[in-house]
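All residue numbers in this chain count up from 1 along the given sequence. The model shown is predicted, which means the values in this text are computed figures rather than measured ones.
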Amino acid sequence: MFRPFVTTSAVALLSLLTLGTTANAKRVPPPAMAPTSSSVTPEILDAVGAELERAMSSMRIPGAPAPYFIGYKLTEVDVHDVVASLGSITDDQNRDFTGLEAHVHIGSYEKDNSNFVPSQREGLDGVTNIGLALEASPARARRSAWLATDGAYKEAIAQWQAKSEAMASGVAGGASKIASYTKATPVVTEKPVQVPKLQTNDELGERAMRLSNAFRKYDFIRDSHVGLTSFLENRWYLNSEGTNATDTRRVEGILIVATAQANDGQEIAVYFSRYARSRQGLPTDAEIESQIEAMSKQLDAMRSAPLVTNYTGPVLFEGDGAVGAVRHSLAPHLSGTPPPVGISSTEALIAGKLAGRQGLKVISDLLTVVDDPTTSTVENRFVIGGYKFDDEGVAPKRVQVIKDGKLEELLMSRTPSTDQAMSNGHARLLMPGGVYRGAATNLSVKGKKTQSRAQLRKKLLAEAKSQGLPYAIIIKQFDDAEITSNTEISRVAKVQLLQSMNPQSPPPATVAYRLYPDGREELVRGVQLEPVDMRAWRDVMGVGKKRTLKNFLATTESPFFKLITGAGPGRVPSAGIESSITTPDLLFRELDLKASKYGLRPPPLLPAP
C-alpha cells in the first residue's frame with residue numbers, strides 16, 4: 001500500500017523556532033500547525049501506486065524497449081502572496097495547484113534513453129507533467145497517472161531512437177561505457193510532516209501595507225514595494241524501485257525593493273530579502289522599518305555616486321557580497337552530473353568546470369566547502385535548503401566537496417560520470433534530456449587563518465598598493481534580476497544592451513565602494529565584474545572570521561531572461577530551488593571589472609510632485 005508520511009516532528013520544529021531565547025525572554029506562543037493534505041490522500045496515493053505497478057508490468061510497444069524504471073513526483077503547492085506600495089495593496093494572490101510528474105526510463109540502467117537532447121526536438125525527455133484536481137478522486141488521479149505515463153513512455157521511445165542513431169554515428173565518441181542511470185536505495189517514510197500553518201492573505205496584507213507606508217517620506221524614490229509570502233509545498237515520490245516518501249517545505253518570506261534614478265539618468269535599485277520557516281523567524285516590524293530607513297539613505301547616496309571606472313586589482317567581498325560571489329561563481333561548478341549529449345558548448349557549462357579534478361587543488365587552500373541538505377540549521381540559524389529526498393527520490397548526504405582547497409567529491413544525481421558512479425542525493429535541477437543535475441542546497445564555506453574585517457581591509461589596501469593602485473574595491477551586494485528587473489527601459493533597448501553582456505559574468509553589484517588608503521569609502525555605481533573563473537578562486541588571499549548566512553530561492557530561469565521580461569508585480573520569489581549559503585568575507589587577489597551603463601536613460605523633465 002502507498003501511504004503518505006512525515007519527516008520532522010513538531011517538537012523538533014518548535015525547538016528551531018525558539019532558538020536563541022533566554023530564560024528571561026518572553027515566551028513566544030507556538031504557531032498553529034497546518035492541516036494535512038486534502039488533495040493527495042492515502043487513497044490517491046494507492047491509486048497512483050496501482051497505476052505504476054500496472055505500467056511496469058504491462059505498458060509495451062512492440063519492437064520498442066520496455067520501461068525498466070518509472071518514477072512519479074506528486075506536488076501540492078499553496079502560496080499566499082501580497083505586495084503593497086505606499087500603504088496600498090498592489091497585488092494579492094492565493095495560488096493552489098497540484099500536479100503529477102512522470103519519469104520513464106526504457107532499456108536498462110546500463111543503456112537507456114536519458115541524458116540526450118535530440119537536435120531540433122529538445123522537448124523529448126521521457127518526462128510528462130499533468131495537473132491534478134485539487135479535490136481529485138482516486139479514479140481521476142489514476143487516470144491522470146495513466147495519461148502522464150503514456151506520454152512519458154512514448155517520448156522516451158522517440159528519445160531512445162534518436163540517441164541510438166546519434167551514438168551509432170559517433171556523436172560524443174559513440175557508445176559510452178558509463179552506465180546511463182544508477183540504482184538507489186529505496187526511501188520509505190510513514191508519517192506526515194507537521195509544519196506551521198500558513199498566514200492568511202489578510203494577515204500578510206495588513207503588515208505589507210503598514211511597512212510599505214514608511215517609504216512615503218522619501219520623494220526621490222521612483223518605486224517601492226514590500227512583498228510578503230507564506231507558502232508550503234507538499235511532495236510525494238513513488239517509483240518502481242520501492243521508494244515511497246513524502247516531505248513538506250514550509251517558508252515565509254519578505255522582500256523590500258526601492259528604485260530611483262541617478263543624476264545622470266541611470267536606474268538604481270536596492271533590496272532586502274529574508275526567508276524563515278514561520279512568521280516568528282522573520283525580522284520584526286521595528287527591524288524592517290529600520291532597514292527601510294537605511295535602504296532609503298543608501299539609495300539617496302547612490303543618486304550622486306560616480307560610475308566606477310575600469311579596474312583590475314584586489315576585491316573584497318563582504319557580507320551579502322561574499323554570498324553572491326559564492327552563489328554566482330563557485331556553486332555552479334560543484335555539480336558532478338555530466339552534461340546531456342546534444343546540447344551546445346555554451347549550455348554544457350551547466351555541468352561546471354571541476355569534473356575530473358578530484359584530489360587536485362581547485363581553490364585556495366584557505367577554504368573548505370561542504371553541502372549538507374540533511375540539516376535545518378547552520379550555527380543555530382535556520383536554513384531552507386534541507387530535504388528528506390531529492391528530486392530523484394534519493395536520500396541526501398552531507399558532502400565534503402572541497403577540503404583545504406582540494407576537490408574531494410562533487411554533488412551528484414543518478415546520472416553517473418567517469419569519476420563518480422553513485423548519487424549522493426543532490427538532484428535538484430532538471431536539465432535538458434530528462435535528468436536532474438546535482439546542485440548545492442545548504443552550502444557552507446569555512447576558512448582558516450581567518451581575520452577580522454578591519455584586518456582584511458588593511459590587507460586589501462596593502463595588496464592594492466603593491467599593484468600600484470590608488471584605491472581598492474569592496475562589494476557588499478549583487479543585483480538579483482528575479483527581484484529588481486522591473487526596469488522602465490523599452491524591450492528593444494533591453495535586448496540591445498543584453499547582447500553586449502557576457503552571460504558568464506556575475507550580476508552587477510548593487511552596493512560597492514572604493515576604499516582609499518586613508519580608510520575613506522566612496523560609494524560607486526555600475527560595477528560589473530568580468531567572469532570570475534576557477535583560477536581566481538585559487539588566489540583567494542584572505543578569509544573573514546564572521547560568516548554571513550543567506551537563504552534564497554535559486555531560480556531555474558536565466559537572469560538575462562528575467563532582465564527582459566521583468567520581475568512581475570514584486571512578489572517574493574517562491575518558485576525555484578530552496579537554497580542557503582553561509583560564507584565568510586572573501587578577499588581575491590585580482591579580478592577585472594568594468595563600468596556598466598545598463599539602465600541609463602534621460603531623467604524626468606519635471607521634479608517629483
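To the nearest 0.5 Å, the span separating CG on D479 from OG1 on T484 amounts to 3.5 Å. Of the inter-residue distances, the one linking L132 atom CG with R140 atom CZ reads 9.5 Å to the nearest 0.5 angstrom. Taken from CG in D223 to CG in L86, the straight-line distance is 8.0 Å, to the nearest 0.5 Å. Here the straight-line distance linking atom CZ of R250 with atom CD of E578 works out to 12.5 Å at 0.5 Å rounding. Taking CG from D390 and OG1 from T441, the interatomic distance works out to 10.0 Å, rounded to the nearest 0.5 Å. Here CG of D125 is found 6.5 Å from CG of L430. Values are rounded to the nearest 0.5 Å.
With hydrogens and angles disregarded, a donor-acceptor distance shorter than 3.5 Å links the side chain of N442 to the backbone of T375. Without hydrogens or angle criteria, Q159 side chain to G433 main chain gives a donor-acceptor distance under 3.5 Å. When atom types are taken as modelled, the side chain of D371 and the backbone of L443 share a donor-acceptor pair closer than 3.5 angstrom. Without hydrogens or angle criteria, T374 side chain to K397 main chain gives no donor-acceptor distance under 3.5 Å. S212 places a side-chain N or O within 3.5 Å of a backbone atom of G87 that can act as its donor or acceptor partner. Side chain of S57 to backbone of R54: a donor-acceptor contact under 3.5 angstrom is found. At least one donor-acceptor pair closer than 3.5 Å links the side chain of N201 to the backbone N or O of Q93. In this structure a side-chain-to-backbone donor-acceptor pair under 3.5 Å is present from S85 to S224.
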Apply side-chain contact (heavy atoms from CB on, under 4.5 Å) to residues V270 and T510 and explain how you reach the verdict.
CA-CA 7 Å; V270 292; T510 50; 5.7 Å; no
Derivation of the side-chain contact (heavy atoms from CB on, under 4.5 Å) call for R381 and T582
CA-CA 10 Å; R381 292 175 289 174; T582 307; 4.2 Å; yes
For N551 and R274, run side-chain contact (heavy atoms from CB on, under 4.5 Å): C-alpha distance rounded to whole Å, both residues' side-chain angles, the deciding distance at 0.1 Å, then the answer.
CA-CA 7 Å; N551 289 306; R274 289 292 183 271; over 6 Å; no
I'd like to know whether L553 forms a side-chain contact (heavy atoms from CB on, under 4.5 Å) with I384, so could you lay out the CA-CA distance, the side-chain angles of the two residues, the decisive distance to 0.1 Å, and finally the verdict.
CA-CA 9 Å; L553 272 290; I384 67 173; 4.0 Å; yes
For residues 323-330, please give each side-chain donor-acceptor pair under 3.5 Å, one per line with the distance, not counting sequence neighbours.
unit_1	atom_1	unit_2	atom_2	d
S329	OG	A325	O	2.5
S329	OG	W537	NE1	3.2

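Two rings, from Y181 and H103, have their centers 6.0 Å or more apart.
Only one option out of E252, H80, R207 pairs with Q199 in a side chain to side chain donor-acceptor pair (under 3.5 Å); it is E252. When T98, D247, T248, D78 are each tested for a side chain to side chain donor-acceptor pair (under 3.5 Å) with N234, only one passes: T248. Put simply, the residue from N244, T243, V394 that forms a side chain to side chain contact (heavy atoms under 4.5 Å, CB included) with P186 is T243. Among K73, R437, R414, the one residue that satisfies the salt bridge (Lys or Arg N to Asp or Glu O under 4.0 Å) test with D391 is K73. Between V399 and the options N424, L410, V370, a side chain to side chain contact (heavy atoms under 4.5 Å, CB included) holds for only N424. When T377, V378, I581 are each tested for a side chain to side chain contact (heavy atoms under 4.5 Å, CB included) with V383, only one passes: V378.
Here the closest non-hydrogen pair linking P396 and P373 is CB-CG, 3.4 Å. What you find for L204 and L228 is that their closest heavy atoms are O-CD1, 3.3 Å. Minimum heavy-atom separation, A145 to Y72: O-OH, 3.9 Å. In this structure, A269 and T259 approach most closely via the heavy-atom pair CB-CG2, 3.8 Å. Here the closest heavy-atom approach between residue A440 and residue S579 is recorded as O-OG, 4.2 Å. When all heavy atoms of A148 and L100 are compared, the pair lying nearest together is CB-CD2, 3.8 Å.
Counted by atom type alone, D480 and Y271 present zero donor-acceptor pairs between their side chains at under 3.5 Å. Looking at S413 and T337, their side chains do bring a donor and an acceptor atom within 3.5 Å of each other. Side-chain polar atoms of S580 and Y275 form no donor-acceptor pair below 3.5 angstrom. Between the side chains of D112 and S114, at least one donor N or O lies within less than 3.5 Å of an accepting N or O. Judged purely by distance below 3.5 Å, without hydrogens or angles, the side chains of R547 and S444 pair a donor atom with an acceptor atom.
Around the CZ atom of R210, the shell of radius 6.0 Å holds more than 12 heavy atoms that belong to other residues, nucleotides or ligands. When the shell of 6.0 Å around CD of E135 is examined, it contains 12 or fewer heavy atoms from other residues, nucleotides or ligands.
Side-chain contact between F69 and E241 is present, with at least one heavy-atom pair separated by less than 4.5 Å. When side chains are defined from C-beta on, H225 does not count as touching F215, because their heavy atoms never get closer than 4.5 Å. Contact annotation: the side chain of H105 never approaches that of W160 to less than 4.5 Å [non-hydrogen atoms, C-beta and beyond]. Using a 4.5 Å heavy-atom threshold, the side chains of L411 and R428 count as separate. Using a 4.5 Å heavy-atom cutoff, the side chains of S273 and K550 are in contact. Annotation: side chain of M59 is in contact with side chain of P67 (closest heavy-atom distance under 4.5 Å). With contacts defined as side-chain heavy-atom distances shorter than 4.5 Å, the pair V79/R571 does not qualify. The shortest distance between side-chain heavy atoms of R95 and S574 falls below 4.5 Å.
Residues meeting the ring pair (Phe, Tyr, Trp, His ring centres under 6.0 Å) test with F231, sequence neighbours left out: none.
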